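In each ligand, atom 1 is the first atom listed, and ligand 1 is the first ligand listed. In this text the structure is predicted, and so the values were computed from the model without any measurement.
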Amino acid sequence: MPIANYLFMALDAYWGKRNFMKTDEPEGEIRKDEKKGGIYVIQKHQATHLHYDFRLEKGGVLKSWAIPKEPPVERGVKRLAVMVEDHPLEYADFEGTIPEGEYGAGLVQIWDKGTYDVEKWDENGITVFINGGRLSGRYCLVRFKREQNSWLFFKC
Ligand code: MN
């Protein structure tokens with residue numbers, strides 16, 4: 001697949017779910033200025049169910065997971081992390097209220113932010129060093145064998 005098509009598709013799901021005339025969330029674009037020390041952010045999202053959106057910059061977008069409980073700050077706590085659609089890099093700065101009736105309606109606040117470095121990243125496992133305020137150190141994401149989008153997230 002030509003790279004241009006691949007890049008366009010990376011945010012298709014994100015764009016398809018939102019009406020940017022109604023939500024203040026960024027429309028965004030795919031950015032290719034790769035550098036060392038990618039963006040790391042967790043947004044607390046008070047939608048229908050409170051959850052934490054964990055995001056890591058990769059390939060010009062933010063790879064994203066929804067974590068239903070508070071993310072682990074210490075070893076020994078494992079959290080389910082459900083992979084959701086890629087978000088634009090601009091989303092890392094977003095805070096605000098998504099209006100009633102729109103996708104993800106509710107308050108979004110930055111819960112933690114910083115940078116991260118990759119030790120390993122493949123389709124079944126990701127190991128990163130997070131440099132944040134609340135989360136700091138080595139973290140692992142391990143994908144469930146039979147479920148495409150379900151991962152375990154823990155300090156490792
Ligand atoms: Mn969310």
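Of the N and O atoms on the side chains of Asp112 and Tyr40, at least one donor lies less than 3.5 Å from an acceptor on the other residue. Side-chain contact check for Arg55 and Ser64: at least one donor-acceptor pair (N or O, by modelled atom type) lies under 3.5 Å.
The environment of Lys17 atom NZ is dense: over 12 non-hydrogen atoms of other residues, nucleotides or ligands sit within 6.0 angstrom.
Nearest N/O/S atom of His45 relative to the Mn ion (ligand 1): this is ND1. Closest N/O/S atom of Asp53 to the Mn ion (ligand 1): OD2. The name of the N, O or S atom in His51 nearest to the Mn ion (ligand 1) is NE2.
Cation-pi geometry between Lys44 and Tyr52 is not met: the NZ or CZ atom fails to fall both under 6.0 Å from the ring centre and inside 45° of the normal.
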